[in-house]
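Chain letters run A, B, ... following the sequence lines, proteins first and then strands; every chain starts at 1. Atom set for the values below is all heavy atoms of this structure, side chains included, hydrogens, waters and symmetry mates excluded. Because the structure is a prediction, the values reported are computed rather than measured.
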There are 2 protein chains.
Amino acid sequence: MTRKNPKQTRQRLLQTAFQEMHAHGFQGMRVDEILRQSGLQKGAFYHHFGSKTELGYAILEEQIKPLIEEVWLAPLADINNPVQDLPRFLDSLGERITPAMREHGCPLNNLAQEMARLDDGFQKRIASLFTEWVTAFQTVLEKGQQHGYIRKNVDCHQVARFLVAVLEGCIGLFKVEHSAEQWQACRTQLAVYMTSLEPNSTQ
Amino acid sequence: MTRKNPKQTRQRLLQTAFQEMHAHGFQGMRVDEILRQSGLQKGAFYHHFGSKTELGYAILEEQIKPLIEEVWLAPLADINNPVQDLPRFLDSLGERITPAMREHGCPLNNLAQEMARLDDGFQKRIASLFTEWVTAFQTVLEKGQQHGYIRKNVDCHQVARFLVAVLEGCIGLFKVEHSAEQWQACRTQLAVYMTSLEPNSTQ
DNA sequence: AAATACAAACCAACCAGTCTGTTTGCAGGA
DNA sequence: TCCTGCAAACAGACTGGTTGGTTTGTATTT
């Protein structure tokens, strides 16, 4: 007999929904399809989530946010020399990336571009997540600056914002055209940019 | 008496649909809403377009493509020194930008991120448009290289790909957080990157 | 016993697309 | 120039499937 396990049920719904949203976008994601894939019924769904929109918020907070923290924030905290290690980190990321991410790109940016201007609840949560990400970059850059890897006159907050934009842009273009050439261009030119932040660079 | 004017009718449908798609995405765009706004009926719509998807293709080819050519490709062709003029062009673009673009970002990238992996017809048309854009950048960069504004060992095709990615990334982040700070960060750091391509730069 | 955690039938609104009929534009003949 | 036939250009009612959400009932847990 299958025992009732609310936490597991909720988690199953969340994970299935995350995959569906990642693939089809929030508007393209269908509640019925989530139920079909997870083998559950409407009763289970609307017991755990008030609406499709609230499910979206939950995906953002309980699936995407931990993912960002695991894939980006945690590794960033271990970096000493951003100029050298950031491009290198991109390489390792390109190798470790899951098929779903290769195929559908960054789930945060996808949701951001689709829903940020349509729903204020999404907007605030997304902006908050991006801020976390920018801050993580800023911290690494400032640490690198203190160690002399980066010029003193570099605005680390500005560079951090730029880096997040660049990464999302690169992932986005790679999603359109799955060519190694596209990823290589972004990886190499990002290294070029990072080098230009070094003290011995002419600025 | 309102005379029949098929070309004007089609154009009206296309323009209204473009605005709706820009605001709500392709999946969020409603045929009924387009008809309501344009004051037309189903008969008119399905006389001019075979389906919603074909309308999407038409928007891409007859609205977005000319827009890209007008806003990006044409001005790029007039640039002599990319290192100086590209950041400057971004400034003027930030001033001349329409409210709709401010609000909803780049219509090409929006459509790309939403539909490229869901529909092959979109995928091919979008990839083709991005290629045009990359090529335009590449041409400018190579011209600048011949005039000595850019180092000889710079891979212009790679830089062009990177620039398109960066721009889409910057526009995308600005769409999420409408702050002057965000746009300034992208504009300034792009100038930093461009400078690093100059001959006197240490690479 | 009471609250929680579901199953499953049900519903109303929505939405892309169809169908039928009507009006308009226009080419060609008298 | 005027009439006529016909195709193009619509209007508008209709449809069938979809979709988010509700409701009622039941099993499980505490």
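The stretch residues 13-24 of chain A does not touch DNA chain C, since none of its heavy atoms comes less than 4.0 Å from the strand.
Rounded to whole angstrom, the span from the CZ atom of B:Phe49 across to the C1' atom of C:dT18 amounts to 18 Å. Residue A:Tyr46 contributes atom OH, which lies 15 Å from atom C1' of C:dA8 at whole-angstrom precision. A:Lys52 places its NZ atom 18 Å from the C1' atom of D:dT22, with the value rounded to the nearest Å. A straight line from CG of B:Leu35 to P of C:dG17 spans 12 Å, rounded to a whole angstrom. Atom P of nucleotide C:dC10 and atom CG of A:Asp32 are separated by 16 Å, given to the nearest angstrom. For B:Leu55 and C:dG17, the CG to C1' distance is 13 Å, given to the nearest whole Å. For the pair B:Arg36 CZ and D:dA11 P, the interatomic distance rounds to 16 Å; values are reported in whole Å.
Ring planes of B:Tyr57 and B:Phe122: perpendicular class, angle over 60° (limits at 30 and 60°).
Figure legend: B:Lys52 and B:Phe26 shown as a cation-pi pair, the cationic atom lying under 6.0 angstrom from the six-membered ring centre and within 45 degrees of its axis.
Taking the side-chain contact (heavy atoms from CB on, under 4.5 Å) definition, one finds that A:Ser179 meets it with A:Glu177, A:Glu181, A:Gln182, B:Arg161, sequence neighbours left out.
Side-chain contact, B:Gln138 with B:Glu142: a donor N or O sits under 3.5 Å from an acceptor N or O. Between B:Tyr193 and A:Gln189, the side chains place a donor N or O and an acceptor N or O closer than 3.5 Å (distance only, hydrogens not considered).
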Strictly under 3.5 Å: I want the nitrogen or oxygen pairs between protein and nucleotides 5-7 of chain C, one per line.
unit_1: C:dA5; atom_1: OP2; unit_2: A:His47; atom_2: NE2; d: 2.9
unit_1: C:dA5; atom_1: N3; unit_2: A:Lys4; atom_2: NZ; d: 2.7
unit_1: C:dC6; atom_1: OP1; unit_2: A:Thr9; atom_2: OG1; d: 3.0
unit_1: C:dC6; atom_1: OP2; unit_2: A:Pro6; atom_2: N; d: 3.4
unit_1: C:dC6; atom_1: OP2; unit_2: A:Thr9; atom_2: OG1; d: 3.2
unit_1: C:dC6; atom_1: OP2; unit_2: A:His48; atom_2: NE2; d: 3.1
unit_1: C:dA7; atom_1: OP2; unit_2: A:Gln41; atom_2: N; d: 3.1

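Nearest approach of A:Leu173 to B:Ala165, heavy atoms of both residues: CD1-N, 3.9 Å. Considering every non-hydrogen atom in both B:Ala191 and B:Thr195, the closest pair reads O-OG1, 2.8 Å.
Using a 4.0 Å cut-off, some side-chain N or O of A:Arg30 falls inside it from OP1 or OP2 of D:dG20.
Side-chain contact between A:Ile68 and A:Ile64: present, with at least one pair of heavy atoms (C-beta onward) separated by less than 4.5 Å.
Between B:Asp120 and B:Lys124 there is a salt bridge, since a side-chain N of the basic residue sits under 4.0 Å from a carboxylate O of the acidic one.
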